[in-house]
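The first residue in the sequence is number 1, and the count goes up from there.
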Amino acid sequence: MLRRVPLQPGVNKDDTAYSQETAAFIDADHVRFRRGRAQKIGGFSAVSSDALDGTPRGMFAWRDNATVKYLAVHTNLRHYVWAGGAAYNITPIRSSGTLGANPFVTVSGSAAVTVTHTSHGLIANDFVTFSNGDAVGGLDLDTTFQVTSVTNDNTYIITASSNASSSATGGGSSVGFSYEATTGRSAGVPGLGWGTSTWNASTWSSARSATGLLLRTVSSAQFGEDLLFNPRFEGLWKWPLDVTARATQIYQNANSEVIAPSEIGSMFVSPERHVFLLGTNMNAAGVTGTFNPMRVMFSDQEDDSTYITTATNLAGDVVLSEGNQLVAGTSTRLVNLLFTDTALYTARHIGDIDFVYDIQLAGSACGLISPNGFAVVDGKCFWMSNTKQFFVYAGGQPQVIPCTVQDHVFDNLSAAQREKVYASHNSEFNEIWWLYPHDSDECDRYVIYNYIENTWSIGTFDRTAMIDRGVFDVPQMVDSSGIIYAHEDSANANGSAFEAHIETAPMDLEDGERVMELRRIIPDLILSSGGSVDFTVKHRRYPVATETTETSQQVTETTSKLDYRVQARQMSLRISCNGVNDDFRLGDIRMDVTPGGYR
């Protein structure tokens, strides 16, 4: 007897496979649910073959007044802007000048070069550029290097592209240097506290500052045509829409007076055109001191460089109480949101010179898991919480989102690297994506929530950051090696096959009372032209019995049926594809199943 398989949209990983009465899906990779049906997600193409330096931790897209498109990509090492088909390094220059006489020391047969510079302030992996130097030990060092190691406050090591031909000290008396802004960590350090960090860092048996041990994340926003960004626990940087220029820090005015904090946890720009700084080492009175992770500062309206309060401006600050640190902030269509590690605050614009923002606690026990772990859709904000739940704010109090893959995600999420979680809206499909590290040091999985249909899906991806379409025609993502991809643009993985699969929970007859015999499957699905999928039947007699997998059968556009002779108490179906241009969307599959004996 032909029976329609009542496939239920969404993946459920949190209940046992046998407990799911209807034909639910228990596993998937590269499959989404749209209008109640499972379909393969779109493929991707590399925007460029040139990898960016470092691991990407932030993306932001915007247009200038001439509608030119820009894409900022922030890594733990450098900051880039992608424009006109090319990537430009906009990393700020921290310091520059001339080194002392003969600053280079080479050793014959070695590529290691010792550089002398009193109070250089560098750390390993920082970028340094030399110019106007004389060759030393047969090496021309007028180029850019990454610092290999730091010997002490006055010397450091770089690695040349070849070995020195002799041991020598030299370089001349006019060697110019240019040091890029300090680099950050690509991974978090678990177990912050006494003795944590690398060898010879700080002093024995002293607590380490979290600001130096947390991984580098970057918040960014558009201000006018310009780009503002903040590498966590560094300053506020501004890039003036010039691909030949580097970003500069908003810190001192022309009179060398401090006008903004030099340590900031994160930032965003409100619709009212105030720049919010979350966690700072300066207050609105202009007093610089110890970093306060719960201080909120906001600039004067329409001014990205005024943070000190006067009688005639709208700058200000407030210290929040619920939580240990501010994690991030954002704006919905209705209100500004401030996330701490334990709570959510709202910041409503009043605009009065004595009362610029009304900041209120919206909810507790709903802290944000990471600086990029949220996504905004009009008047709603969705986020992953460090309480091992998903939340949505749409006014009032934050609400928990019921999730059928909650245990699967949080029980396997790498706790030490949770701050790498990265969320984004995928507006074409009404989805929120979270990229996260699954028992690994880097983001390698995703979880998708369809907020219109309330369905969940899961899968694998080497992606560390993403942004929605809007400025660009399709979403943009970047992998851990620094390659940027345009997504949802094809059925393929950068020209190669983009594999996908989905698997149902075990199905039975009469609650498993009787053995059933499968004779035929009538496939119903939409396939790409010339594409195919494989149907694989799995079966067993009892929930804990050994599972048997039948030989896969291929389904093409002309396949009318698949013949089987299988007897079992439970059967599940896996649908997969692994060919170039393969694409599919499931319909109503039917199975010819007859009751067997009571055994």
Side-chain angles (χ1 to χ4, degrees), residues 47-48 50 52-54 56-94 96 127 129 144 178-181 216-232 234-254 259-262 264 266-277 298-307 329-331 372 424 465-478 482 484 486:
V47 173
S48 170
D50 296 328
L52 306 178
D53 291 317
R57 296 287 179 231
M59 299 182 79
F60 183 79
W62 79 107
R63 291 187 179 95
D64 65 13
N65 292 340
T67 71
V68 176
K69 301 175 182 179
Y70 296 89
L71 175 64
V73 181
H74 307 284
T75 78
N76 67 302
L77 299 180
R78 279 178 158 173
H79 308 275
Y80 295 90
V81 164
W82 182 268
Y88 298 91
N89 180 13
I90 64 166
T91 308
I93 300 300
R94 179 174 63 83
S96 60
F127 287 89
T129 300
T144 298
S178 177
Y179 295 163
E180 291 187 4
R216 166 69 57 83
T217 60
V218 182
S219 50
S220 51
Q222 181 181 357
F223 197 87
E225 291 187 289
D226 299 333
L227 174 72
L228 297 180
F229 62 95
N230 161 235
R232 186 163 56 160
E234 299 290 335
L236 179 63
W237 305 92
K238 182 175 183 176
W239 182 67
L241 211 68
D242 179 356
V243 295
T244 66
R246 299 293 188 104
T248 56
Q249 186 174 8
I250 298 175
Y251 177 56
Q252 293 181 326
N253 61 18
I259 59 172
S262 59
I264 302 165
S266 66
M267 59 80 60
F268 73 99
V269 176
S270 73
E272 305 84 34
R273 303 274 290 168
H274 291 269
V275 180
F276 273 74
L277 308 180
F298 48 88
S299 71
D300 190 16
Q301 196 166 25
E302 298 285 353
D303 188 344
D304 61 5
S305 60
T306 298
Y307 297 89
T330 189
S331 299
N372 292 302
S424 177
M466 66 179 290
I467 57 167
D468 191 16
R469 67 174 185 173
V471 173
F472 295 89
D473 295 335
V474 295
Q476 308 289 301
M477 299 192 197
V478 61
I484 304 171

So do the side chains of [X] and [Y] get within less than 4.5 Å of each other, counting heavy atoms only?
X	Y	result
Tyr307	Val275	yes
Phe472	Val47	no
Gln476	Val73	no
Glu234	Gln249	no
Asn89	Arg246	yes
Met267	Phe229	no
Lys69	Asp473	yes
Trp237	Pro231	yes

If I take atom [atom1] from residue [X] and atom [atom2] from residue [Y], how far apart are they, to the nearest 0.5 angstrom?
X	Y	atom1	atom2	answer
His274	Gln301	NE2	CD	4.0 Å
Thr248	Ile90	OG1	CD1	10.5 Å
Trp82	Leu71	CH2	CG	9.0 Å
Ile484	Leu52	CD1	CG	5.0 Å
Asn76	Arg57	CG	CZ	6.5 Å
Trp239	His79	CH2	NE2	13.5 Å

Considering all heavy atoms, the nearest [X]-[Y] contact:
X	Y	result
Gly58	Ala465	N-CB, 4.3 Å
Leu227	His74	CD2-CE1, 4.4 Å
Ile250	Asp304	CD1-O, 3.5 Å
Ala221	Val269	CB-CG2, 3.7 Å
Gln222	Trp62	OE1-CB, 3.3 Å
Asp50	Ser48	N-OG, 3.1 Å

Ignoring hydrogens and geometry, is there a side-chain-to-backbone donor-acceptor pair from [X] to [Y] under 3.5 Å?
X	Y	value
Tyr70	Asp226	no
Arg78	Gly54	no
Asn230	Ser266	yes

| task | Give the ring-plane orientation class for Phe276 versus Phe298, where under 30° counts as parallel, over 60° as perpendicular and anything between as tilted. | result |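 Judged by the thresholds at 30° and 60°, the geometry between Phe276 and Phe298 is tilted.
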
